[in-house]
Amino acid sequence: MIGTALTLTGDLEAESAIPWIVHRGLLLNLDGWVRRRGAGEIEIALAGPEPLVAAMEAACSLGPADILVEHITRQAHDFDHAPGRFRHLS
Amino acid sequence: MSTEYARNDWYVVADVNQLAAGQVVETRLLGQPLRVSGSPDAPLVTTADGTALPAQLRYDHIWTSPGADPRPLPDIAEAAERDRTFVPCGGVRVRCSPLRAVENFLDIAHFPFVHTGILGEEPHTEVAPYKVEIREDVDEVWATQIGFHQPQAAKSATEAIETRYEYRVPAPTTAVLYKTCPPKPEAWDVIAIFVQPLAENECIAWPWMALYDEVTPYADLVQFQQEIFLQDRSILENQKPTLLPLDPRLEIPTRCDLTSVVYRRWLKRKGATYGALTTAA
Amino acid sequence: MTFKLYNYVLSGNCYKIRLMAALLDVAYETIAVDFYPGFEHRSPGILALNPAGTLPVLTSGDMVLTETQAMLTWLALTYDVTGTWYPVDDPERLATITEWLGFAGRLSQSAGLARLHDMLNWPADEKAVKAAAISDLRTLELHLNDRVLEGGLWIAGDGPTIADIACFPYTALSPDAGLEHDGYPAIRNWLYAVRALPGFVAMPGIHYLHDLKETSGD
Amino acid sequence: MGVGVGVRMNSVAVGLSRDLAPKRVMRAVAYGHDLAVWRDGENGLHAWDNRCPHRGMRLSHGFVRGDRLACLYHGWQYRKDGGCAYIPAHPGLEPPETIRAQTYSVIEKSGVIWVSTGNDAQGVDTGPVSEPLRSLTFFCAEAIARAAFEDTPFAGNLPQVESTGRLVAGGHPVAVLANPVTESETLIHVLTSAGVGIAAKKALSRWCEAARSVAERQAA
């Protein structure tokens, strides 16, 4: 199924980043996952109603106090199978 | 709390009406008492120990900065267009963070509920997608391509119209709205808000307008804007927490709140945290 | 045209007249006076009309009224076809109304001035006016709670009168001065009742009752 | 003194049932928590954290439509269970169950609204003394407010204190319930019994004001 991929770049090293994003994904009842791709990059894959995906993007562009998102890009994401409840993919 | 960034911005501390009437204004800025005196053309701003701060008259208001190396005062080009009517609307004190006052100015989704019958009306509540960006070349936040159904967009409006909006934030406590001008569709009306931070949790908002409207009496223009701003005041005094959270963990911004989100991100990036909550709230 | 109102949009006293006229469904002309920041109420034009320089001023033909109590009385006697807003044939009720019109004048000097101080930086002895405002709110709460104990709701008798309209604005606007209504349940319920009156108009700081509208979102 | 002394209480009296009509909302404070207490159109009672999850606006400034409470700022509507039902800016969206206002436990007993910060609000049974007289704020601590009722004469005589903790003022039974809003502000609710006439109730109401004067003088 086709979902949405968000890629965050910036000053994202703080440990708070991933739990904060997981909390937001669950708060918005989205399916998908988040994973760290490096010290300055976090990847999020989402499935859900467009206004909630947009709300996820808005919230994550701000994030917890100790990170700073410089850029956020959005593209389609092809899930191999049903993504399931939003979680941290380690 | 940090005043480090904030000290080097310019702030309104009085308006031209007060000095023209010969008033000596005792006020505060960033928690420090200030006195504003003199005439509109030669204003004097002094601190409690008598130190003179730089002072200048711009956009019908007296501006000062307590910093050693202030950034330039934001330029509003329309102030030079002499066929506009310039309307300083007076200062209104609000028990809220100066940043919350700016954030509310940038918000459109509240129009049907807070400015009922003027700037919005149910069932016209939907906020269509719009564009928000930080313009790196000028270091400003811009929100564009905003449209909203308004029963009475301006004093000069004779019927409900689909109003176009653009917002510009050139400094953390200065915001400018460019809005459809009902009698002159090819031009924008300009409505700005200059926020004087008295403290982190208290401010004076000074609305100012530069309009094309040759028909409406001046006092009606002032009161139209005052009516709108005062409708927001009780909202601003009842938002929790009082300071503007830079971490929205306890909030649920959606797409219609994107200007707020980008404004907060811009503040966070600059370290402009006077009036902001920097811990999770 | 019926009458002219020299009006300032943020003034609770001007609002009394706008509200009363709306409830009586009377059309009128407003002339905006730039009270703040322009201090136009002290201009020669307004002072010629009202030497005291206060707002509102109401004119009709040669008549010039500068006191809101007089304006409310005149509006009710002239435009209220039901005769209920100012019931002249009931001496006791009329006296109660007059009593509370006087109270409304005190309230503008306490809660009204406290609001101007907090909102527009008006000069005032903040502590003294706020103490006076609390005392006035308590006086009104005591009376309105008496009315509840009697099975009533309005200030005088079984329906709204000009006394309710006179006391409404500065009571409703007291949160503008940080004086919340939480500890005044009888006042809170009476404010709701005024806002629910047919023809009610709002002013900044007093919102429309959105609950009266059709539900959207179902 | 007063009803409730010696009873282990998990709940606090935030208002009189009489004073909150259907489709109305009020602000209340319980154990330092800022709450919006509201009634739906069918008289159901709800107590929520006084904060719209969207942007933090106090929900006590909101409005009730049918069985929903709406925030005044952006009109977000919440169902009786706290779940968000409607977001006016995004009318096509069905908000997920996960977006919700925080709810508290609330019940009515003895004509009084009781709120708990736990999950099982309890009220005090004041027996026949459950006729609402009034609520009023004292600018003093709870203990001073309570004591003032015993120290304030009614028609020249100090009230009697019964073993139940209730007072008898001028022959009229009175129950005094206190909600400490802050260290220096106490919300008092006063009940009497159904047989007391209107004139006596008005006299009791003035006696409450006299007690307030005593308490606030002492606190000053």
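Chain naming here is simple, since letters A, B, ... match the order of the sequence lines and numbering starts at 1 in each.
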Discussion item. So for atom NZ, which belongs to Lys131(B), do other residues, nucleotides or ligands contribute more than 12 heavy atoms lying within a distance under 6.0 Å?
Written reply: no
Worksheet item: Relative to chain B, which segment of Glu57(A) carries a heavy atom at a distance below 4.5 Å: side chain, backbone, both, or neither?
Response: neither
Discussion item. Around atom CD of Glu13(A), are there more than 12 heavy atoms from other residues, nucleotides or ligands closer than 6.0 Å?
Written reply: no
Discussion item. Using side-chain heavy atoms (C-beta onward) and a distance below 4.5 Å, is Ile252(B) in contact with Leu28(A)?
Written reply: yes
Worksheet item: With only heavy atoms counted, which part of Leu27(A) is less than 4.5 Å from chain B, the side chain, the backbone, both or neither?
Response: side chain
Practice prompt. Tell me, yes or no, whether the heavy-atom count around Arg7(B) atom CZ, taken from other residues, nucleotides or ligands under 6.0 Å, exceeds 12.
Written response: no
Worksheet entry | Minimum-distance pair of heavy atoms, taken over all atoms of Pro248(B) and Ala59(A) | CG-O, 4.4 Å
Item to complete: Name the region of Leu258(B), side chain, backbone, both or neither, that has any atom closer than 4.5 Å to a heavy atom of chain A.
Response: side chain
Item to complete: Decide if atom CD of Glu4(B) counts as having more than 12 heavy atoms of other residues, nucleotides or ligands within a radius under 6.0 Å.
Response: no
Worksheet item: Does CZ in Arg74(A) sit with more than 12 non-hydrogen atoms of other residues, nucleotides or ligands closer than 6.0 Å?
Response: yes
Discussion item. Is it the case that the side chain of Lys268(B) and the backbone of Val69(A) share a donor-acceptor pair, with hydrogens and angles ignored and the cut-off at 3.5 Å?
Written reply: no
Practice prompt. First locate atom CG of Leu62(A), then atom CD of Glu251(B), and finally report the distance between them rounded to the nearest 0.5 Å.
Written response: 9.0 Å
Worksheet, complete the sentence: Closest non-hydrogen contact found for Arg249(B) with Arg24(A) is O-NH2, 3.2 Å
Response to the item:
Between Val261(B) and Ser61(A) the two heavy atoms that sit nearest each other are CG1-OG, 3.2 Å
Worksheet item: Shortest non-hydrogen contact from Pro253(B) to Ala55(A)?
Response: O-CB, 3.5 Å
